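For reference, the structure discussed in these notes is given below.
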Amino acid sequence: MNSTVIAVHASHPQQRLVARTVEILERGGVIVCPTDACYSLVCTVGNKLAENRIREIRHLTRDHYFTLLCRDMSDLAIYAKVSNAAFRLIRMLTPGPYTFILSATRETPRRLQDPRRRTIGIRISSHPYLQALFETHDGGLLSSTLMNDAIDLPYSDPAEIADALGHTLDAVVDAGSIGIEMTTIIDLTGSAPSMIRAGKGDVSRVPDLR
């Protein structure tokens with residue numbers, strides 16, 4: 001049985017449809033939804049069964065770590081230790097297509113952390129769908145970019161996602177094509193910010209970027 005396709009308006013997602021996807025997530029479901037950089041597999045934090053389903057869908061090993069999607073800076077601080085300098089930089093760039101590597105707090109499950117560095121990747125997305133979702137859903141979400149393994153690039157077409165993987169998902173949130181450029185990744189655990197991956201996010205305003 002294929003997943004439900006929920007078509008939302010790209011810039012003004014309908015609240016009743018957003019609420020429907022929140023219900024699916026909070027029942028333990030796995031969905032694919034738009035972000036400001038690629039479509040991603042998403043489930044709620046703490047749901048091990050849903051997390052394992054995402055690993056199976058993406059054929060991920062245990063050494064692959066999820067990214068946490070957060071509502072805002074206050075939610076981010078639940079999961080990550082944020083210095084004053086990191087706080088200012090994140091506030092300047094977000095919401096936006098950036099992933100920040102930060103030291104994890106004790107509240108962050110160990111299985112979601114880099115076991116050696118005790119770090120976590122965190123995003124605050126600007127996509128209208130996720131902004132609307134977080135108005136209803138309380139807490140972070142686990143996410144993983146949905147890759148097309150055949151071409152080693154992210155999926156961009158929600159109809160193609162539904163055809164290829166619909167049987168493994170509870171819902172596909174269709175907000176139209178959003179491209180394949182992934183987030184810019186910035187490591188904020190050192191004395192100065194460090195670029196891990198150049199992506200969609202502009203870093204021209206980031207001081208002392210290595």
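Bear in mind that the values here come from a model prediction, so they are computed numbers and not experimental data.
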Roughly how far, to the nearest 0.5 Å, is CE of Met73 from CD1 of Ile90?
-> 4.5 Å
Linking I/L/V/M/F/W/Y whenever any side-chain heavy atoms sit under 4.5 Å apart, do Leu165 and Leu142 land together?
-> yes
Linking I/L/V/M/F/W/Y whenever their side-chain heavy atoms sit closer than 4.5 Å, directly or via other members, would Val45 and Leu41 fall into one cluster?
-> yes
Quick one: closest heavy-atom pair of Pro207 and Pro193, and the distance?
-> O-CG, 3.5 Å
In terms of heavy-atom contacts, Gly28 and Ala50 come closest through O-CB, 3.7 Å
Can you tell me how far CD1 of Ile186 sits from CD1 of Ile196, rounded to the nearest 0.5 angstrom?
-> 9.5 Å
Nearest heavy-atom pair of Leu17 and Ala7: which atoms, and what distance?
-> CD1-O, 3.2 Å
Separation between CD (Glu51) and CZ (Phe66), nearest 0.5 Å, reads 4.5 Å
Spell out, as yes or no, whether a donor-acceptor pair under 3.5 Å connects the side chain of Tyr98 to the backbone of Asp202.
-> yes
Would you call Ile31 and Leu25 a side-chain contact if the rule is heavy atoms closer than 4.5 Å?
-> yes
Hey, is the main chain of Asp75 close enough, under 3.5 Å, to the side chain of Asp72 for a donor-acceptor pair?
-> yes
Enter the distance from Leu130:CG to Leu141:CG here, rounded to the nearest 0.5 Å.
-> 7.5 Å
Using only heavy-atom distances, determine whether the side chains of His9 and Gln14 contain a donor-acceptor pair under 3.5 Å.
-> no
Distance-only side-chain donor-acceptor flag, Thr94 / Arg123, under 3.5 Å = no
What do the steps show when you test Tyr155 against Ile180 for side-chain contact (heavy atoms from CB on, under 4.5 Å), and what is the final call?
-> CA-CA 7 Å; Tyr155 279 98; Ile180 61 172; over 6 Å; no
Measure the spacing between CD1 of Ile122 and CZ of Phe100 and express it to the nearest 0.5 Å.
-> 10.0 Å
Given the rule in the side-chain contact (heavy atoms from CB on, under 4.5 Å) test, do Leu76 and Leu102 qualify, once you have shown the distances and angles that lead to the verdict?
-> CA-CA 10 Å; Leu76 182 150; Leu102 294 156; 4.0 Å; yes
Flag yes if more than 12 heavy atoms outside Lys200 fall under 6.0 Å of its NZ atom; otherwise flag no.
-> yes
Scan side-chain atoms only and decide if Thr35 and Ser125 contain a donor-acceptor pair under the 3.5 Å cut-off.
-> no
Let me see the working for His137 and Thr44 under side-chain contact (heavy atoms from CB on, under 4.5 Å), right down to the final yes or no.
-> CA-CA 10 Å; His137 173 71; Thr44 56; 3.8 Å; yes
Counting N and O atoms only, with roles assigned by atom type, does the side chain of Ser156 sit under 3.5 Å from a partner on the main chain of Gly179, one being a donor and the other an acceptor?
-> no
Side-chain heavy-atom pair Pro158, Val32 within 4.5 angstrom cut-off | no
Does a donor on one side chain sit under 3.5 Å from an acceptor on the other, for Thr145 and Tyr39?
-> no
Only one of Arg117, Arg210, Arg197 forms a side chain to side chain donor-acceptor pair (under 3.5 Å) with Asp187, so which one is it?
-> Arg117
Measure the spacing between CD1 of Ile24 and CG of Leu169 and express it to the nearest 0.5 Å.
-> 10.5 Å
Is it possible for you to say whether Val82 and Met92 belong to one hydrophobic cluster, with membership spreading through side-chain heavy-atom contacts below 4.5 Å?
-> yes
Compute whether any side-chain donor of one residue and acceptor of the other, for Glu56 and Thr168, lie under 3.5 angstrom apart.
-> no
Report the C-alpha distance between Thr119 and Ser103 in whole Å, list the side-chain angles of each, state the deciding distance to 0.1 Å, and finish with yes or no for side-chain hydrogen bond (donor to acceptor under 3.5 Å, both in side chains).
-> CA-CA 4 Å; Thr119 55; Ser103 297; over 6 Å; no
Would you please test Arg53 and Asp170 for salt bridge (Lys or Arg N to Asp or Glu O under 4.0 Å) and show each step?
-> CA-CA 11 Å; Arg53 284 178 60 194; Asp170 295 292; 2.8 Å; yes
Step by step, would you call Arg205 with Leu93 a side-chain contact (heavy atoms from CB on, under 4.5 Å)?
-> CA-CA 9 Å; Arg205 296 182 295 158; Leu93 296 177; 3.8 Å; yes
Are any side-chain N or O atoms of Tyr79 and backbone N or O atoms of Gly140, one a donor and one an acceptor, separated by less than 3.5 Å?
-> yes
Tell me yes or no: between the side chains of Ser177 and Asp157, is some donor less than 3.5 Å from an acceptor?
-> no
Backbone N or O of Ile78 within a donor-acceptor pair of the Thr105 side chain at under 3.5 Å?
-> yes
